[in-house]
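First comes the structure, then the notes that go with it.
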Amino acid sequence: MSSIAGDVRSGHELDIARLEAYLAKAMPGFALPLSLKQFSVGQSNPTYLVSDSRGQKYVLRKKPGGQLLSKTAHAVEREFRVLQALGQHTQVPVPRVYALCEDSSVVGTPFYLMEFLEGRILPDVRLPEINASERCQYWMALVDVLALLHKVDYRRVGLEGFGRDGGYYERQVQSLARISEAQAAAIGVGGKLPRIDRLRQWFAGHECPDETTVVHGDFKMDNVVWHPTEIRVVGILDWELSTLGNPRSDLANMLQPLLVPFDKDNRGIAVFSGLKNAPLGEGAPSEAMLLGRYCHAMGREYPPLPGWEYAKAFGLFRNAVIQQGIAARVAKGQASSSFAHLVGKMFPGTMDMAMNIIDGLDLDSVRRSKL
C-alpha cells in the first residue's frame, strides 16, 4: 500500500513490549523485535505499519481509545470477520487477516493484524497520476469489483446474522439521526446538521427498493489497493462500516465524486475534492456509463435503476454524519488522522448537497403535477 506511514503520533503510542508478547504467541512465525509506524490515513480507527525483524510487513487496525460516541462505529471485530469470510470463500480481493485480539490490555483497545498489500492507493478521484486515456478504465474496474462483492451469497460464506435482512435504509436513517444528535452535542455551537429535520421528513415519505447484500459501507476509489502496474484491484480496505444492506448504498458512495465539486478555501486547500468542474477531471466516465456497467455486471436491466436518487441523497447525508463524527472526535481530542480537522469542517456543505437533490426532486414533482 502506498499510503505514507510515519512516526507514531502523540497520543497514539502502543505498548511495544505487550504487543510483541502477544504476537509471539498468536503468530509463531513473527520475528521479533518489531518496528512500528503509523499511517496518515484512517479517519476513524488508528492504523499502523508493523514490520518484523526480517522486514515482513503487516497492518494493525485498532479501536480508538477513550469514551466512544457510537457503540456501532470502530468495530474492528466486524472488520476481521468479514475479511476472513470473504478471503476464505470468495474471489473478492481482500487482504489476508492473521489475528484478532479482543484483550484491551495489550494495546489499550481491541485490534487485528492483516496482510500489507504491495500496490497503489489513489487518493485523488481526479486520478492525476493516471493518463487521461486510462482513467475511465480504472472507474470501470472499480465498478466490476463492487459488483463482485454484491453478488456474494452472504449465507453461503458464513455472514448470515452479520446484519439484518431488509429495511436497511429505514434503520440507517433512524440510527444516523441518533448518532448525529450525540455528535452535535459533543461539538457544541454549530454542530447540528443543517436541515436534518426536513431531510428525515423527506426520507420518511419516500421509498427505495429493498434488497440485501454484503455492503462495504465506504466503498470508494481510495479504499482499494491497485496492482503496482495493472488496472486491477488487489485488495479492498477499511471494512469498519460493512454490514448486510442495500447495495445501492455502496454504489452511491462510490459515485459520489461525480456530484461533489472541487472547491478550495482561501488558503488553496481543497475543501471538497470531487470531480464536478474539477481541474484535471478529464477522462472520468459519466454516471450513466458507470450505472450501466454495474447493472450489466449484476445481470439487471438499465435504465433505470429504481431508487437511485434516494440512494444518492442518503449517501450524502450519511457522509455528512461521518464528517460530523470526525469533527466531534476533534472536539474530544480523539481524532486519529493528521488531517481530521479539515474533514470535520465539511459536513455543512455535504448536507447542502443532499438537500439540493431532494429540493430538485420536489420541484420536479410540483412541475409534473401542474401539467
Side-chain angles (χ1 to χ4, degrees), residues 43-44 70 72-73 75 78-79 82 86 92 94 125 139 142-154 159 162-180 193 196 199-200 202-204 206-224 236-260 274 287 290-291 293-295 297-298 300 302 304-325 347 350-351 353-355 357-358 361:
Q43 294 289 352
S44 183
S70 170
T72 57
R78 289 176 60 83
E79 286 190 41
V82 70
L86 294 174
V92 177
V94 294
V125 292
W139 283 98
L142 195 63
V143 168
D144 291 345
V145 169
L146 182 61
L148 186 64
L149 170 64
H150 289 168
K151 288 191 287 186
V152 168
D153 183 339
Y154 62 86
L159 289 175
F162 192 63
R164 297 184 189 179
D165 191 344
Y168 173 78
Y169 277 125
E170 294 177 10
R171 291 193 307 274
Q172 284 290 302
V173 169
Q174 294 174 5
S175 175
L176 288 171
R178 288 193 300 268
I179 292 170
S180 177
L193 295 184
I196 184 173
L199 184 63
R200 291 184 65 186
W202 187 89
F203 282 135
H206 294 77
E207 293 182 351
C208 183
D210 200 9
E211 300 174 18
T212 302
T213 68
V214 177
V215 294
H216 176 272
D218 195 19
F219 192 84
K220 55 183 181 174
M221 183 66 75
D222 64 349
N223 268 343
V224 303
I236 307 172
L237 307 178
D238 198 1
W239 291 81
E240 175 198 346
L241 299 175
S242 60
T243 187
L244 301 183
N246 196 305
R248 288 169 184 78
S249 62
D250 275 344
L251 187 61
N253 194 72
M254 183 190 73
L255 299 190
Q256 198 170 106
L258 299 177
L259 301 173
V260 176
E287 178 182 281
L290 293 174
L291 288 179
R293 176 85 169 207
Y294 173 83
C295 290
M298 293 295 293
R300 65 188 310 160
Y302 178 80
L305 178 59
W308 179 235
E309 298 300 318
Y310 183 109
K312 289 195 294 185
F314 172 83
L316 288 162
F317 165 58
R318 196 202 64 154
N319 275 1
V321 174
I322 292 172
Q323 293 158 0
Q324 182 197 38
F347 68 85
T350 302
M351 273 295 286
M353 286 182 260
M355 297 308 300
I357 290 177
I358 70 167
L361 292 173

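In this text the structure is predicted, and so the values were computed from the model without any measurement. All values below come from the heavy atoms of this structure, side chains included, with hydrogens, waters and symmetry mates left out.
No side-chain heavy atom of His206 sits less than 4.5 Å from a side-chain heavy atom of Ile358. Between Ile179 and Gln324, the closest side-chain pair of non-hydrogen atoms is not below 4.5 Å. The closest side-chain heavy-atom distance from Pro257 to Trp139 is below 4.5 Å. Inter-residue side-chain proximity for Leu142 and Phe219 is flagged as met; some heavy-atom pair is nearer than 4.5 Å. Leu255 has its side chain within reach of Leu291: a pair of non-hydrogen atoms, C-beta onward, lies under 4.5 Å apart. Cys208 has its side chain within reach of Arg248: a pair of non-hydrogen atoms, C-beta onward, lies under 4.5 Å apart. Put simply, the side chain of Phe203 reaches to within 4.5 Å of the side chain of Leu199, judged on heavy atoms. Put simply, the side chain of Val152 does not reach to within 4.5 Å of the side chain of Thr213, judged on heavy atoms.
Remark: Arg171 CZ is packed, more than 12 non-hydrogen atoms of other residues, nucleotides or ligands lying under 6.0 Å away. Other residues, nucleotides and ligands contribute over 12 non-hydrogen atoms within 6.0 Å of the CD atom of Glu211. Sparse packing is recorded around CD of Glu207, with 12 or fewer heavy atoms of other residues, nucleotides or ligands lying under 6.0 Å away.
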Apply side chain to side chain contact (heavy atoms under 4.5 Å, CB included) to Leu305 and Leu251, showing your working.
-> CA-CA 11 Å; Leu305 178 59; Leu251 187 61; 3.7 Å; yes
Would Glu287 and Trp308 count as a side chain to side chain contact (heavy atoms under 4.5 Å, CB included) if you check the C-alpha gap in whole Å, the side-chain angles of each, and the deciding distance to 0.1 Å?
-> CA-CA 11 Å; Glu287 178 182 281; Trp308 179 235; 3.1 Å; yes
Could you go step by step and tell me if Gln256 and Arg318 meet the side chain to side chain contact (heavy atoms under 4.5 Å, CB included) rule?
-> CA-CA 12 Å; Gln256 198 170 106; Arg318 196 202 64 154; over 6 Å; no
Dump the intermediate steps for side chain to side chain contact (heavy atoms under 4.5 Å, CB included) on Val260 and Val125, then the final yes or no.
-> CA-CA 11 Å; Val260 176; Val125 292; over 6 Å; no
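What you find for Val215 and Leu244 is that their closest heavy atoms are CG2-C, 4.3 Å. In this structure, Val143 and Met254 approach most closely via the heavy-atom pair CG2-CE, 3.3 Å. Nearest heavy atoms, Ser180 versus Ile196: OG-CD1, 3.9 Å. In terms of heavy atoms, Cys295 sits closest to Tyr302 at CB-CB, 3.6 Å. Nearest heavy atoms, Ala297 versus Ala147: CB-CB, 3.6 Å.
Note: Ile236 CD1 to Leu148 CG = 7.5 Å, rounded to the nearest 0.5 Å. We find the CD1-CG distance between Ile357 and Leu316 to be 5.0 Å, quoted to the nearest 0.5 Å. With rounding to the nearest 0.5 angstrom, the CG atom of Leu146 is 11.0 Å from the NZ atom of Lys151. Here the straight-line distance linking atom OG of Ser242 with atom CZ of Phe162 works out to 3.5 Å at 0.5 Å rounding. Atom CG in Asn223 sits 5.0 Å away from atom CG in Asp218 (nearest 0.5 Å). Distance CG/Leu86 to CG/Leu159: 6.0 Å, rounded to 0.5 Å.
Applying the salt bridge (charged side-chain N to carboxylate O under 4.0 Å, His left out) test to Arg200 and every residue at least two apart in sequence or in another chain returns nothing. Take Asp153 and apply the salt bridge (charged side-chain N to carboxylate O under 4.0 Å, His left out) test, not counting sequence neighbours, and it matches no residue.
Checking side-chain atoms of His150 against main-chain N and O of Asn246 turns up no donor-acceptor pair under 3.5 Å. Under a 3.5 Å cut-off, the side chain of Asp250 and the backbone N or O of His216 do form a donor-acceptor pair.
Inspection of the Tyr154 and Asp165 side chains reveals an N or O donor paired with an N or O acceptor under 3.5 Å.
Ring orientation note: the planes of Phe314 and Tyr169 are nearly perpendicular, at an angle over 60° on the 30°/60° scale. Aromatic ring orientation, Tyr310 versus Trp202: tilted (interplanar angle from 30° to 60°).
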